[in-house]
Number of protein chains: 2
Amino acid sequence: MTIKDVAAYCDVAVSTVSRVLNNHPDVSEDTCAKVLAAIAKLNYIPNNSARDLVTPQGDSIGVVVRGAENPFFTPVIRAIEARCELAGYTMVLHQIPAGADEVAAGAELVRSKRLRGLIFLGGRFDYSQHEANALGIPFVCCTNTNQFGDLEKTAYSSVSIDDFAEGFKATNLLVQRGHRRIAILLDSVTDHSVSELRYAGYCQALADAGIPLDTSLVFQTVAFSMPAAFERVSAYLAQSQDVTGIFAVADTMAIAAIKALHNAGLHVPQDVSVVAIDGIEMSLYTIPTLTTLSQPQETMGEEAVSILLDVLSGTSPNRHVRLETTLREGETLGVCKN
Amino acid sequence: MTIKDVAAYCDVAVSTVSRVLNNHPDVSEDTCAKVLAAIAKLNYIPNNSARDLVTPQGDSIGVVVRGAENPFFTPVIRAIEARCELAGYTMVLHQIPAGADEVAAGAELVRSKRLRGLIFLGGRFDYSQHEANALGIPFVCCTNTNQFGDLEKTAYSSVSIDDFAEGFKATNLLVQRGHRRIAILLDSVTDHSVSELRYAGYCQALADAGIPLDTSLVFQTVAFSMPAAFERVSAYLAQSQDVTGIFAVADTMAIAAIKALHNAGLHVPQDVSVVAIDGIEMSLYTIPTLTTLSQPQETMGEEAVSILLDVLSGTSPNRHVRLETTLREGETLGVCKN
DNA sequence: ACTCTTACTGGAAACGTTTCCACTCACCGG
DNA sequence: CCGGTGAGTGGAAACGTTTCCAGTAAGAGT
């Protein structure tokens with residue numbers, strides 16, 4: 001069933017059918033109606049590959065998600081897909097393990113699919129010119145931003161919160177309530193991920209409060225995983241219970257930490273306060289409700305697509321967008337009693 | 001940068017380059033090496049549209065997810081994508097609102113992308129021959145199965161648990177511990193979704209135990225949403241607190257219910273027991289840990305793709321696969337004290 | 001009645017592949 | 001020395017579109 005069959009069926013040229021298909025202006029009403037009827041009757045479906053072939057550009061946008069098991073990404077991805085759809089693009093989702101190299105995965109995706117742009121979710125915040133060249137198409141780094149480098153010169157775009165500032169803010173929530181034994185629960189401080197920036201904010205907040213950094217309170221885990229976070233906190237509590245506040249860089253980890261505290265017989269927030277960053281829906285329903293700096297997940301996804309479309313259309317150069325969190329006050333933050 | 005450029009660059013015919021690209025046997029080692037070098041040097045990327053055009057079949061499998069905000073689907077989708085990738089297919093994900101019509105969405109997807117098969121996640125369990133025809137390509141209904149119709153004659157495949165039996169089992173967990181005021185928290189009992197079957201199992205379990213069905217204990221909500229479940233349970237508790245057991249057809253709803261109970265001053269499981277079906281990771285970390293019948297999420301996704309590939313290759317006709325749940329014993333199930 | 005527009009339509013090239021067919025050349029056996 | 005074989009290669013058709021260009025017919029203006 002091709003355009004030719006349709007053309008033959010209603011005795012017009014293929015070009016006429018094509019015009020009808022693409023809403024071209026100069027085609028008479030009768031012809032248009034006739035063709036439309038034939039299309040419906042024959043249940044004709046245009047072949048997108050052929051269309052893609054002749055039109056210069058593809059119509060797909062790749063999304064590489066590192067650590068998609070984190071429910072934080074779900075609304076972001078949904079927003080991206082919706083926005084892509086609206087703009088006539090197809091979202092091609094590719095999920096990679098938390099430890100994997102998203103640039104390599106992205107390059108592979110570019111190579112095998114017909115992508116016009118790429119969005120990285122949960123990757124690093126830092127990409128070299130060389131990596132950008134290797135990718136060869138515009139890309140947006142979503143959910144984290146390089147705070148250290150010179151953003152003006154980057155060969156890519158980004159949309160994120162100010163991770164340093166938010167890490168600082170979260171830690172400060174604890175500091176202001178008198179906590180001094182404040183642990184941080186994070187991924188890795190050296191992989192150029194969001195953890196590194198939030199950790200820097202944590203360090204700054206401690207420093208400003210005159211609290212020396214105690215590395216035994218830096219709970220590094222892997223992959224934002226709940227089991228890992230649970231184990232790490234449990235292991236610490238088995239040794240010592242002097243911690244009074246925990247700043248988790250992700251809601252999921254915070255929830256796992258609360259469970260670990262609970263299992264160790266500690267109460268939140270009476271014995272230990274917990275704050276996090278993310279604002280996933282689930283953390284509204286934990287007991288106690290999580291206090292967290294909520295990220296605008298939908299907006300992030302939408303903004304990522306918007307930026308990409310702008311760059312693709314040449315409307316604007318690469319840019320870096322910072323969004324605000326909102327403090328979602330839960331029940332896990334209390335005054336330090338010690 | 002096309003295959004012609006590569007051919008010109010190393011002074012061979014395009015057909016030769018094509019052969020190298022597709023690992024055809026009869027091409028000499030020297031030529032092969034020469035072409036490969038040129039490809040690398042020129043950074044040539046084959047145009048998939050052109051390839052798709054000439055090869056008879058597309059390489060995409062569509063996945064329509066209804067209510068993707070449910071974290072239950074996350075591992076399923078990941079498994080589907082991994083399996084597609086392995087088989088050389090591209091997964092095209094399309095998320096639709098909980099109330100939407102997945103067949104219409106699927107048809108639209110088939111129309112616009114170049115799909116070979118389709119997987120429905122979280123849709124209905126029942127599809128008519130007419131709908132199958134309209135879709136025009138093989139599809140798998142994943143996560144639920146028609147228990148009422150004659151499966152042998154269906155024009156589609158499915159992979160799921162035995163929703164009726166599991167609904168029965170879950171309810172029985174409560175019955176066996178002496179509960180008689182057992183509520184069910186579900187979506188809609190009449191939309192041919194998973195809720196309907198689990199509800200039937202619930203009714204059966206009650207009937208077997210000689211407990212009359214009390215429709216005021218049937219908590220219908222919409223869209224498996226946590227806020228809706230929370231509101232529904234809260235509203236009931238504001239009227240009456242005589243319920244001693246709740247069977248939630250999804251973990252998410254159970255978690256919301258537990259929160260509602262907690263806010264109403266009731267303890268789980270001392271005052272009210274809660275059981276659910278799903279087994280999402282998060283429910284291992286709730287306080288108390290959720291007792292749930294855990295579905296093999298990865299296996300479901302993998303199986304869905306396997307079936308689809310078999311049907312596509314003609315290896316086997318449409319088939320219906322039933323998987324087993326495993327009881328994940330948490331802390332939300334207790335003996336009825338009344 | 002003749003040209004000039006205007007409105008529409010048809011024909012054909014082009015997009016970048018794959019694959020079939022035909023061709024060349026070296027080599028082998030007779 | 002010659003026909004046959006087979007490996008390697010080139011040429012060209014085909015896939016289903018879009019779009020440019022040319023063409024036709026009708027209607028308007030002279």
Side-chain angles (χ1 to χ4, degrees), chain A residues 1-39 42-60 88-90 110-116 136-137, chain B residues 1-39 42-60 88-90 110-116 136-137:
Chain A
M1 181 54 49
T2 77
I3 199 173
K4 276 183 201 158
D5 300 310
V6 178
Y9 182 85
C10 43
D11 206 35
V12 297
V14 288
S15 41
T16 302
V17 179
S18 175
R19 274 185 278 261
V20 172
L21 247 19
N22 295 282
N23 298 315
H24 271 264
D26 11 282
V27 49
S28 74
E29 291 218 8
D30 319 13
T31 314
C32 184
K34 193 166 61 173
V35 170
L36 251 22
I39 288 173
L42 299 176
N43 196 25
Y44 161 73
I45 299 174
N47 182 324
N48 245 307
S49 299
R51 179 174 287 181
D52 277 2
L53 184 57
V54 63
T55 54
Q57 312 271 17
D59 65 344
S60 295
Y89 285 91
T90 301
V110 170
R111 179 165 292 273
S112 60
K113 322 291 180 202
R114 199 130 185 273
L115 304 183
R116 291 204 56 191
I137 57 173
Chain B
M1 180 54 49
T2 79
I3 200 172
K4 274 183 202 157
D5 300 309
V6 178
Y9 182 84
C10 44
D11 206 36
V12 297
V14 288
S15 41
T16 303
V17 178
S18 176
R19 273 185 280 260
V20 172
L21 248 19
N22 295 283
N23 299 315
H24 273 263
D26 15 279
V27 49
S28 74
E29 291 219 6
D30 318 14
T31 314
C32 184
K34 195 167 57 171
V35 171
L36 250 24
I39 289 173
L42 298 176
N43 196 26
Y44 162 73
I45 299 173
N47 182 323
N48 247 309
S49 299
R51 179 175 287 180
D52 277 2
L53 183 58
V54 64
T55 54
Q57 312 272 17
D59 65 345
S60 295
Y89 285 91
T90 300
V110 169
R111 180 166 290 272
S112 60
K113 323 289 178 204
R114 200 131 185 270
L115 304 182
R116 291 204 56 190
I137 57 173

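Every heavy atom of this structure was used, including side-chain atoms; hydrogens, water molecules and symmetry mates were not. Order of the sequence lines fixes the chain letters, A, B, ..., with proteins taken first and strands second; residue numbering starts at 1 for each chain.
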(request) Enumerate the residues from residues 5-17 of chain A whose closest heavy atom to DNA chain D is under 4.0 Å, giving them by residue number; use none for an empty result. (result) A:S15

(message) For B:T90, give me all partners under side-chain hydrogen bond (donor to acceptor under 3.5 Å, both in side chains), at least two apart in sequence or on another chain.
(response) A:K113

(message) According to side chain to side chain contact (heavy atoms under 4.5 Å, CB included), who are the partners of B:V14, at least two apart in sequence or on a separate chain?
(response) B:I3, B:K4, B:A7

(request) State, to 0.1 Å, how close A:R51 and A:P46 come at their nearest heavy-atom pair, and which atoms those are. (result) NH2-CB, 3.8 Å

(request) To the nearest 0.5 Å, tell me how far B:T2 OG1 sits from B:N47 CG. (result) 9.5 Å

(request) Report the residues that fulfil side chain to side chain contact (heavy atoms under 4.5 Å, CB included) with B:N43, sequence neighbours left out, ordered by chain and then residue number. (result) A:R111

(message) Would you compute the distance between atom CD of A:E29 and atom OG1 of A:T31 and round it to the nearest 0.5 angstrom?
(response) 10.0 Å

(message) With nearest nucleotide decided by heavy atoms, which residue, A:R19 or B:S49, maps closer to the 5′ end of DNA chain C?
(response) A:R19

(message) To the closest 0.5 Å, what do you measure between OG (A:S18) and NE2 (A:H24)?
(response) 6.0 Å

(request) Any chance you could measure A:L53, atom CG, to B:L53, atom CG, to the nearest 0.5 Å? (result) 6.0 Å

Could you list all N or O pairs between the protein and nucleotides 26-28 of chain C that sit under 3.5 Å apart?
none

(message) Quick check: on DNA chain D, is the nucleotide nearest A:L21 upstream (toward 5') of the one nearest B:D26, or the reverse? Name the residue that is more 5'.
(response) B:D26

(request) Applying side chain to side chain contact (heavy atoms under 4.5 Å, CB included), name anything that partners B:I39, two or more places apart in sequence or on another chain. (result) B:V6, B:L21, B:V35, B:L36, B:Y44

(request) Kindly write out the residues that satisfy side chain to side chain contact (heavy atoms under 4.5 Å, CB included) with A:S15, not counting sequence neighbours, or none if the list is empty. (result) A:A13, A:R19

(message) Angle between the two end axes of the helix from C:dA1-D:dT30 to C:dG30-D:dC1, five base pairs per end, rounded to 10 degrees?
(response) 50°

(request) Tell me which residues in residues 27-38 of chain A put a heavy atom below 4.0 Å from DNA chain D, sorted by number, or none. (result) none

(message) Of all nucleotides in DNA chain D that come within under 4.0 Å of a heavy atom of chain B, which is furthest toward the 5' end and which toward the 3' end?
(response) D:dG8 to D:dG16

(request) Mind checking the CG-CG spacing from B:L42 to B:D5? Nearest 0.5 Å is all I need. (result) 7.5 Å

(request) For B:Y9, check side-chain hydrogen bond (donor to acceptor under 3.5 Å, both in side chains) against everything at least two apart and list the hits. (result) none

